[in-house]
Amino acid sequence: MHSTKPNSRHALLLRIAALIFFGASASFSLHAQSPAAQSGKPVDLKALLMAPVDLTRPENLSYSSSVGSEEKASAEDFDMGMGAGQPPPRRPYARRTNYSDRTHNADGSNKYTFVVGGGFTVPAGATGKDLGISWKFQGGGGYNFNKKFGVILQYDYDKFGLTSGNLARQYARYTSLNLVDQNGRPVSFAGLDGSSHIWSITLNPIYHFYQSDALGAYVVGGGGFYRKLTNFTLPQTGVYCDFFGFCYQFTQNQTFDHYSNNAGGVNGGIGFTYRFSRFASEKIFAEARYVWVDNSQSANSVDGLYPENNNRTGYFPVTVGIRW
């Protein structure tokens, strides 16, 4: 009977030795191919793992596998049908931002507007023969349909002086009729004085044709009701007594003759605005208009003592104020 145990042991040992030899050969080959092995320096795995990757270097951006190279080529050759060098079109917004609420329009402008201001009045044309430069007041409120167009209901009080020629003509009328003042004395030219004013309520559309963060420009015009009044005054002497019983004599001008005329009229002009901040709703404005009032003969002008009050009136009001 033959024994095979020693032969089996020898075969097993030979196989183990062969595996060890091939493993050592493979390790030596990989070590020889690495840069660290070629330079004779040991490999620092910690330093290699913590080193930053330079994405600007082509070798760090390229794919290492054949599959990655194919994907890269497919991405570079991808075409949406726009042609070379043409980016795909941008997607438009479905709608613009809407700020609409109880006090604001969809474009962010205030729905309600208010104005207050003052300035001076300059008679124009034939009106300048009777009336002189004086002051004015303006106030009103309205509605803005958007940031460009609105409408304002406006009250104006436009004051005028009387020219010396106008006073001289009126003095001649008084003396021709032998009129006397409240004290029974003849009218004196030295003390004769007077003034005129027009108050009006008008509806005025306004259009802002230029707007920036700070500056703006607009045109405005409208029409409505105008009431023209002229008062003539003479100095009158009176007595004033205070709380302690002391009485003083004083002289002041008092109205002794009055005329009025109601008529329709129109106006139009241009204005400019300035605001201190793009987020502020308040604006300083300055505007100039031309006003024309269709005055005509009125029953208030008794015996034709002051027919000039019935003449058509034209003047330039210049106003500076604030809008919000």
Side-chain angles (χ1 to χ4, degrees), residues 90-124 134-160 197-228 262-295 313-324:
R90 294 186 177 180
R91 228 176 132 188
Y93 291 105
R95 61 180 180 177
R96 294 182 179 179
T97 305
N98 192 321
Y99 301 94
S100 181
D101 57 27
R102 290 184 177 180
T103 59
H104 295 86
N105 294 307
D107 58 10
S109 61
N110 293 331
K111 289 184 177 180
Y112 306 101
T113 181
F114 302 93
V115 57
V116 62
F120 59 92
T121 56
V122 181
S134 193
W135 55 273
K136 75 164 280 110
F137 168 79
Q138 180 185 101
Y143 186 85
N144 291 322
F145 297 96
N146 50 55
K147 65 172 57 177
K148 287 188 174 293
F149 180 73
V151 63
I152 299 176
L153 183 64
Q154 188 172 292
Y155 170 82
D156 289 89
Y157 182 93
D158 300 325
K159 184 84 170 178
F160 303 94
H197 69 268
I198 297 176
W199 66 262
S200 61
I201 298 178
T202 56
L203 192 63
N204 302 272
I206 181 171
Y207 178 74
H208 299 266
F209 62 88
Y210 173 78
Q211 292 184 78
S212 67
D213 290 343
L215 301 177
Y218 62 90
V219 290
V220 61
F225 174 81
Y226 291 80
R227 180 172 174 81
K228 182 179 180 180
N262 300 329
V266 294
N267 71 83
I270 188 170
F272 302 91
T273 62
Y274 174 79
R275 61 180 176 179
F276 298 101
S277 168
R278 62 180 298 183
F279 304 105
S281 59
E282 298 82 9
K283 300 177 183 178
I284 296 175
F285 75 92
E287 70 176 31
R289 303 192 197 186
Y290 176 74
V291 177
W292 182 82
V293 185
D294 189 22
N295 301 110
T313 311
Y315 61 97
F316 294 97
V318 178
T319 312
V320 177
I322 185 170
R323 298 179 185 273
W324 68 94

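Remember, predicted model here, so these are calculated numbers, not experimental data.
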Work out which heavy atom in V219 is nearest to a heavy atom in F209; give both atom names and the distance.
CG1-CE2, 3.9 Å
Listed by chain and number, what are the ring-ring contact (aromatic ring centres under 6.0 Å, His included) partners of Y226, not counting sequence neighbours?
none
Which heavy atom of A217 sits nearest a heavy atom of T273, and at what distance?
N-OG1, 4.5 Å
Minimal non-hydrogen separation, S134 against K159, with atom names:
CB-O, 3.1 Å
Residues passing the side-chain hydrogen bond (donor to acceptor under 3.5 Å, both in side chains) test with T313, sequence neighbours excluded, are K228, N295
With no hydrogens and no angle check, just 3.5 Å: does a side-chain donor-acceptor pair link H104 and N110?
yes
Where do D107 and S109 come nearest, in terms of heavy atoms and distance?
OD1-OG, 2.7 Å
Any side-chain to backbone donor/acceptor pair from R275 onto S281? Under 3.5 Å, distance only.
no
Once ring-ring contact (aromatic ring centres under 6.0 Å, His included) is applied, do any residues pair with F276, and if so which ones, sequence neighbours excluded?
Y274
Here the pair of heavy atoms bringing G140 nearest to I152 is C-CG2, 4.5 Å
Just by modelled atom types, is the N144 backbone N or O under 3.5 Å from a matching donor or acceptor in the N105 side chain?
yes
Can you name the ring-ring contact (aromatic ring centres under 6.0 Å, His included) partners of F145, sequence neighbours left out?
Y143, F149
In short, salt bridge (Lys or Arg N to Asp or Glu O under 4.0 Å) pairs touching residues 145-157 with sequence neighbours left out are K136-D156
List the atom pairs, donor and acceptor, that lie under 3.5 Å between side-chain atoms in residues 283-290 and the rest of the protein, sequence neighbours left out.
{"unit_1": "E287", "atom_1": "OE1", "unit_2": "Y218", "atom_2": "OH", "d": "2.6"}
{"unit_1": "E287", "atom_1": "OE1", "unit_2": "R323", "atom_2": "NH2", "d": "3.1"}
{"unit_1": "E287", "atom_1": "OE2", "unit_2": "R289", "atom_2": "NE", "d": "2.8"}
{"unit_1": "E287", "atom_1": "OE2", "unit_2": "R289", "atom_2": "NH2", "d": "3.0"}
{"unit_1": "R289", "atom_1": "NH1", "unit_2": "N204", "atom_2": "OD1", "d": "3.2"}
{"unit_1": "R289", "atom_1": "NH1", "unit_2": "N267", "atom_2": "OD1", "d": "2.8"}
{"unit_1": "R289", "atom_1": "NH2", "unit_2": "Q154", "atom_2": "OE1", "d": "3.1"}

Taking the side chain as every heavy atom from C-beta outward, state whether V116 and F137 have any pair of such atoms under 4.5 Å apart.
yes
Partner set under ring-ring contact (aromatic ring centres under 6.0 Å, His included) for F272, not counting sequence neighbours:
none
Kindly indicate whether the side chain of W199, heavy atoms from C-beta on, has any atom under 4.5 Å from the side chain of F225.
yes
If I take atom CZ from residue F120 and atom OG1 from residue T319, how far apart are they, to the nearest 0.5 angstrom?
9.0 Å
Give the minimum heavy-atom separation between P205 and G221, together with the two atoms involved.
CD-O, 2.8 Å
Partners meeting side-chain contact (heavy atoms from CB on, under 4.5 Å) with S212 (sequence neighbours left out):
Y210, L215
Residues in side-chain hydrogen bond (donor to acceptor under 3.5 Å, both in side chains) with N146, at least two apart?
none
Partners of V266 by side-chain contact (heavy atoms from CB on, under 4.5 Å), sequence neighbours excluded?
W292
